[in-house]
Every structure is written in structure tokens, then in C-alpha cells.
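The structure appears below as C-alpha cells.
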Amino acid sequence: MPELPEVETSRRGVEPHLCNHKIIDIIVRNRQLRWPISPRLQKEALSSMVLAVRRRAKYLLIDTSQGCIILHLGMSGSLRMVDSQTPAEKHDHVDLVLSGGQSLRLRDPRRFGAVFWTKKDPLKHPRLCDLGKEPLEDDLTASWLFEQSRNRKRAIKSFIMDSKIIVGVGNIYACESLFIAGIHPDTAAGKLSLKRWDKLTHAIKTVLSKAIKQGGTTLKDFTRSDGQPGYFAQQLKVYGREGEPCKKCGKTLLKITRGQRSTFYCRQCQK
DNA sequence: CCCGATTCCTGTAGGC
DNA sequence: TGCCTACAGGAATCGG
């Protein structure tokens, strides 16, 4: 389930293989992803040169000499660099064939991902223009979150997963951050003191940074661009550990459902 | 405006 | 063994 660390890991993995290479073919085997892939992609990006690979939230932006390819990995998407001759498998929906013999291959069994093409500023794309703050940038501060959350009654877990507020925090890292900060996931966002927002903001930044250093979290589908798994799963303190002992206090960890999502926490450590 | 519920999709796991 | 159902979740959309 690609969240920010997994997308950043993918970006770092593919960037050196894409930059300064020409896109000599674009193979779309199945255009029915979350949104249908526009036929303009294949016409207008062909023969372009890749200039940079950026990330905004959970989107990868492949800047080319003719426009920008915007990728979203949904929940089961992954990117691989493969030899262009490598036969495609069942869920390999898109290949960017590059000069030099390699292809960037998008695999996405559940097809919640997306591929957009734009000739304009990609940050102004309708899917990106309303996104909230990048958690690892300095302008995401506890005091800003504190202000944003005043008078909000919704649960803190839902609040920090809201991409209009902060981007990149999905279910796994939301659970982990709340555990590290010692905050119960049902706490009303508007009731959180500045001091507790400070702990939580630090927890979010720390857990995301550590996960990037480990190459992300591989539970099932996610692989790095070289096919290796991410190793952060070993560091997870609560996610997927219901029934197991809390690493801080030893009490049995709980799993509850909130907003149709599994939520893992420690009743003793999170109030 | 705010917020929770619903929806898309398919591989996998668990029950019988 | 094989069939069936539940579950996983990012994020748009809908409805109260």
C-alpha cells in the first residue's frame, strides 16, 4: 500500500534510470485504471526526454521535454525498471520504453492507480491543486496543525489522513504515528492541545523519514524498483499486530474499525 | 462547510 | 478439494 515513503522510495529508485533518457515507446495494455488513461499520453509524450522525477504527495511527476506524466500507485501499484524485452505479466498495464534498453513498468493488480498526462504545470492539475502540506517540509508545523484543527470534531486519525490537510499519511503510518505520540485514534482533532500536536507532528515526520530510510514498508504488493522489498515492516509497532504485546507496556494490542479502516492501537499507551 | 459512508478493484485468506 | 465470503485501502463522491 504505497504511502509517502513507498512513493519516495520508488522515485529514488527510478530517477537515475529515467533522467536524460528518451521515451521511445509507450505501451498501454489496459487503460482502465482509476481513471482511463488518455490516448493523448501516447501521442504527445512519445519521443520526449525525461528531465526530472519529482514527488508531490503520493503522486510521481515525470517531467519531460513535452509535458508531465503523473503517476499514482493507488493501493497495489508498483514500479519496476526492467529490460525492455522482459515479457509483461498479467497486471503490467503500462510500459515507458526508454532509449538504452530499459523500460519503466507499472504493475497494479487492483487498478486503483492512475496515469495522467498534462502539458501544463502538473501542480495545477485538478487532482493535485487542492492537496495539503508535505509532512517532511519545514512549513508543516505543530502550530499550523493546531490552528487547522480547532473546532474540528472529527477523529484525529481521520484528520491526519486527510490529504487536504497533510499528504502522504495512509492507514499504516497514521496508526504508527498515533502510537508513537501516545494519542488514541478516536480523540477529537479539535481537542488536541498544542503540546500533543507537537508530539504528533514529530512522530509523523520521524516515522515517515525512518520508513524512507528502510525503503518503505512491504506488506504484500509493494516492491522497490529493483524488485527488492522495503524493510520498514520490521519496525511497525502496532500496524497488523493485534493480539500481540505492546512493545512499550506489554499489554495486548487492539484492532478496531474506524471509517471502514482497520485501526491498531494500545489501550494503555494511547489516551 | 463538515464529516461519515459508499464506491471502485482483485488477490488472498479463512470457513465450511 | 473447492467454493464462497470477507478483507485489504487511496481517494473521489455522495448524502445527511
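Throughout, a chain's letter reflects where its sequence line sits, starting with A, and its residues are numbered from 1. Reckoned from all heavy atoms, side chains included, excluding hydrogens, waters and symmetry mates.
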Practice item. May I ask you to evaluate whether S76(A) reaches the phosphate of dG11(B), defined as a side-chain N or O under 4.0 Å from OP1 or OP2? Key: no
Point to revise | Residues that W35(A) engages under ring pair (Phe, Tyr, Trp, His ring centres under 6.0 Å), provided they are two or more places apart | key: F116(A)
Exercise for review: Could you check whether K157(A) gets within reach of a base, just the sugar-phosphate, or nothing at all, counting any heavy atom under 4.0 Å?
Suggested key: nothing
Check your understanding: Would you say H72(A) reaches dA11(C)'s phosphate, i.e. side-chain N/O to OP1/OP2 under 4.0 Å?
Key -> yes
Check your understanding: Going by distance alone, is a donor N or O of one side chain under 3.5 Å from an acceptor N or O of the other, for S84(A) and S103(A)?
Key -> yes
Exercise for review: Could you check whether K90(A) gets within reach of a base, just the sugar-phosphate, or nothing at all, counting any heavy atom under 4.0 Å?
Suggested key: sugar-phosphate
Exercise for review: From the options dG11(B), dA8(C), dG10(C), select the nucleotide whose nearest atom is closest to the side chain of E3(A).
Suggested key: dG10(C)
Review point. Rounded to whole angstroms, how far apart are CD on E242(A) and C1' on dA8(C)?
Key: 13 Å
Review point. Taking S48(A) for the side chain and Q66(A) for the main chain, is one N or O donor matched with an acceptor at less than 3.5 Å?
Key: no
Review point. Between R12(A) and E8(A), is there a salt bridge with N-O shorter than 4.0 Å?
Key: yes
Check your understanding: Is it true that D63(A) and R54(A) make a salt bridge, defined as a side-chain N closer than 4.0 Å to a carboxylate O?
Key -> yes
Exercise for review: Spell out, as yes or no, whether a donor-acceptor pair under 3.5 Å connects the side chain of E3(A) to the backbone of I172(A).
Suggested key: yes
**Study point:** d(CE, M161(A); C1', dG4(B)) in whole Å
**Key:** 14 Å
Point to revise | Net bend of the helix from dC2(B)-dG16(C) to dC16(B)-dG2(C), end axes of five pairs each, nearest 10 degrees | key: 50°
Point to revise | Rounded interatomic separation in angstrom, taking CG from L33(A) and P from dG10(C) | key: 17 Å
Exercise for review: Give a yes or no on whether the backbone of S262(A) and the side-chain of N171(A) come within a donor-acceptor separation of less than 3.5 Å.
Suggested key: yes
Review point. Could you state the CG-P distance from D162(A) to dA12(C), rounded to the nearest angstrom?
Key: 10 Å
Point to revise | Selection from dG4(B), dA12(C), dG9(C) that lies nearest to any side-chain heavy atom of N171(A) | key: dG9(C)
Review point. Going by heavy atoms closer than 4.0 Å, what residues in residues 147-154 of chain A are next to DNA chain B?
Key: R152(A), K153(A), R154(A)
Study note, to complete from the structure: ring pair (Phe, Tyr, Trp, His ring centres under 6.0 Å) filter on W117(A), not counting sequence neighbours, yields none
Check your understanding: Separation of K164(A) atom NZ from dG4(B) atom P, in whole Å?
Key -> 14 Å
Exercise for review: To the nearest Å, give me how far apart OH (Y239(A)) and P (dC7(C)) are.
Suggested key: 14 Å
**Study point:** Neighbours of DNA chain B within residues 111-122 of chain A, by heavy-atom distance under 4.0 Å
**Key:** R111(A), F112(A)
Check your understanding: Is it the case that Q102(A) and R80(A) place a side-chain donor and acceptor less than 3.5 Å from each other?
Key -> no
Review point. So, does D92(A) use its side chain to make a donor-acceptor pair with the main chain of R107(A) at under 3.5 Å?
Key: no
Check your understanding: Between dG10(C), dG4(B), dG9(C), which one does the side chain of M75(A) approach most closely?
Key -> dG9(C)
Check your understanding: Is any side-chain nitrogen or oxygen of R127(A) closer than 4.0 Å to OP1 or OP2 of dA11(C)?
Key -> no
Practice item. Write out all pairs satisfying side chain to side chain donor-acceptor pair (under 3.5 Å) with one or both partners inside residues 181-192 of chain A, taking only residues at least two apart or from two chains. Key: D186(A)-R258(A)
Check your understanding: Roughly, in whole Å, what's the span from CD in Q260(A) to C1' in dA6(C)?
Key -> 13 Å
Practice item. Kindly say if H91(A) contacts the phosphate of dG11(B), meaning a side-chain N or O under 4.0 Å from OP1 or OP2. Key: yes
Review point. For R110(A) and dC7(C), what is the distance between atoms CZ and C1' respectively, to the nearest whole Å?
Key: 9 Å
Check your understanding: With the threshold set at 4.0 Å, does a side-chain nitrogen-carboxylate oxygen contact exist between K58(A) and E6(A)?
Key -> no
